[in-house]
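Read through the structure below, which is laid out as structure tokens, and then see the notes.
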Amino acid sequence: MVNGRIPRETVRVAEGIGIIGAGVAGLHLGLYLQLHGVPATIYSDKTPGQLAAGRMLNTVAHHNTTVTREQALGVDHWDLREYGYFCHHHYIGGPEPGAAPLRFPGDFEAPSRGIDYRVYLPRLIDDYTGRGGDFRVRGVGPGDLAQLARDHELIVVAAGKSGLASLFPPLAGRTPYEKPPRRLCGGLYRGIAYSEPKRVTMSIAPGHGELLEIPMFSKDGFVTALLFENVPGGDTEVLADAKYDEDPKAFEDLVLAKLRAHHPAVSERVDPASFGLTGPDDLIQGAILPTIRENYIRLADGRYAIALGDAHNVVDPVIGQGANSASYSAWELGAAIIEDPDFDERFCRKAAARRADRVNAIFDWTNLMIGLPPAPHLLELLGAMSASRQIADEFTNNFNYPERQWDILATPERTRSFLGRHGLG
Ligand SMILES: Cc1cc2nc3c(=O)[nH]c(=O)nc-3n(C[C@H](O)[C@H](O)[C@H](O)COP(=O)(O)OP(=O)(O)OC[C@H]3O[C@@H](n4cnc5c(N)ncnc54)[C@H](O)[C@@H]3O)c2cc1C
């Protein structure tokens with residue numbers, strides 16, 4: 001104090017929204033707030049260059065509802081006619097060796113798109129900073145939050161599934177799994193011909209797991225993402241442990257062998273002579289324990305932190321919903337911020353309620369899809385899809401509207417009612 005006055009430089013005026021993390025959640029929120037003239041600061045532990053040059057983060061596809069948000073945010077840089085894909089192809093292997101598989105398509109009403117996040121995220125950071133956005137390279141630790149809470153009116157933790165996410169307690173009893181239900185092996189490959197029109201293949205090998213084949217644009221141009229979702233103890237689990245770096249050829253031979261054994265709808269388009277991983281960093285192996293956490297916590301001085309994206313809820317990628325959910329939640333949180341500038345507990349509750357139905361639907365639908373043994377009503381629906389193009393199209397398009405999918409699948413009665421409306425059952 002000088003003459004009863006607080007020196008000017010010690011007065012800190014909390015300003016705007018502090019967003020921790022520059023993944024799809026943090027960036028879509030930052031861009032949304034920027035568009036609406038709300039001051040925001042994004043803190044990222046990585047520079048755009050580090051993100052671009054790093055190891056592959058995931059094999060994300062954005063569905064059209066997310067692309068529509070990208071258009072509204074002015075970050076739709078990849079023309080859907082060239083970069084999009086238009087349908088799903090389903091392959092369901094017979095439960096017994098030799099049993100006839102099911103093969104059937106399902107169309108989207110509007111295309112989806114797969115862009116390697118090492119291309120996507122740096123481009124969106126450029127958009128944000130190019131428009132004057134405040135982007136700071138700084139890893140935020142739990143001990144920094146008290147200060148950030150003094151600097152900002154609201155903190156958003158969009159830092160992904162590790163580290164700061166643990167500040168938000170997991171909701172007890174919300175996940176049906178104690179251990180990750182799948183062990184993952186995702187990679188980018190050359191030497192797989194695209195189908196015409198471009199599509200994602202969802203191939204199910206009963207008892208062993210699923211394979212998602214996704215047309216993807218990476219720094220190497222158009223490539224193919226193969227995401228093996230391996231059941232622990234199944235025949236393809238070895239892919240989650242195989243070491244590419246120790247023997248690249250042996251790794252690629254193993255992938256080819258498992259493709260041929262379990263996923264013929266993909267292996268039939270492989271050219272063995274040119275097949276291979278596009279690079280040693282283009283591989284991700286691991287496992288995800290589905291988790292939903294508390295929506296918000298109270299920080300020092302009565303300020304609040306809200307969890308967003310994977311920091312709030314993590315799902316297995318088998319139906320490709322985590323990033324789409326993060327984008328949706330960012331949009332809803334942004335809209336809540338525009339509507340109500342009082343960032344107190346009531347605000348946090350309202351923001352949580354806005355996203356709850358979709359986030360919960362994604363969580364429950366995803367967990368149903370990987371449940372073993374498969375739920376009979378899910379098998380009933382898959383069977384109906386193989387017989388009815390209309391049902392297969394509706395299921396496919398509902399990747400854009402997970403809560404509609406959950407309306408169909410939440411209980412056996414709902415599935416029966418849905419099939420009844422389609423003249424089945
Ligand atoms: C193999 C695989 C395939 C997938 N496929 C799909 C798909 O097809 N469709 C789909 O919708 N989802 C998919 N997902 C899920 C999707 O990747 C995630 O849900 C999504 O990327 C989460 O985004 P986020 O912004 O919440 O978190 P993140 O992407 O994890 O971003 C968090 C960011 O915060 C930064 N950060 C972390 N800690 C700090 C800190 N302390 N301080 C500052 N910065 C920090 C990190 O560097 C990172 O850039 C897939 C996931 C995997 C693993």
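First listed ligand is number 1; within each ligand, the first listed atom is number 1.
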Can you give the donor-acceptor pairs under 3.5 Å from side chains of residues 232-240 to other protein atoms, not counting sequence neighbours?
| unit_1 | atom_1 | unit_2 | atom_2 | d |
| --- | --- | --- | --- | --- |
| D235 | OD1 | K258 | NZ | 3.3 |
| D235 | OD2 | K258 | NZ | 3.3 |
| D235 | OD2 | H262 | NE2 | 2.6 |
| T236 | OG1 | H208 | O | 3.3 |
| T236 | OG1 | N230 | OD1 | 2.6 |
| E237 | OE1 | G233 | N | 2.7 |
| E237 | OE2 | R183 | NH1 | 2.9 |

Using the salt bridge (charged side-chain N to carboxylate O under 4.0 Å, His left out) criterion, which residues pair with K179? Sequence neighbours excluded. none

Plane angle bin for F347 and F343 - parallel if under 30°, tilted between 30 and 60°, otherwise perpendicular: perpendicular

Output field: ring centroids W365/F399 closer than 6.0 Å: yes

Between D253 and K249, does any NZ, NE, NH1 or NH2 come within less than 4.0 Å of an OD or OE carboxylate oxygen? yes

Using a 4.0 Å cut-off on heavy atoms, what residues surround ligand 1? Order them by chain and number. I20, G21, A22, G23, V24, A25, Y43, S44, D45, K46, N58, T59, V60, A61, Y117, R138, G139, V140, A158, A159, G160, L164, L227, G309, D310, P317, G320, Q321, G322, A323, N324

Tell me, please, which residues at least two apart from E403 pass side chain to side chain donor-acceptor pair (under 3.5 Å). R358

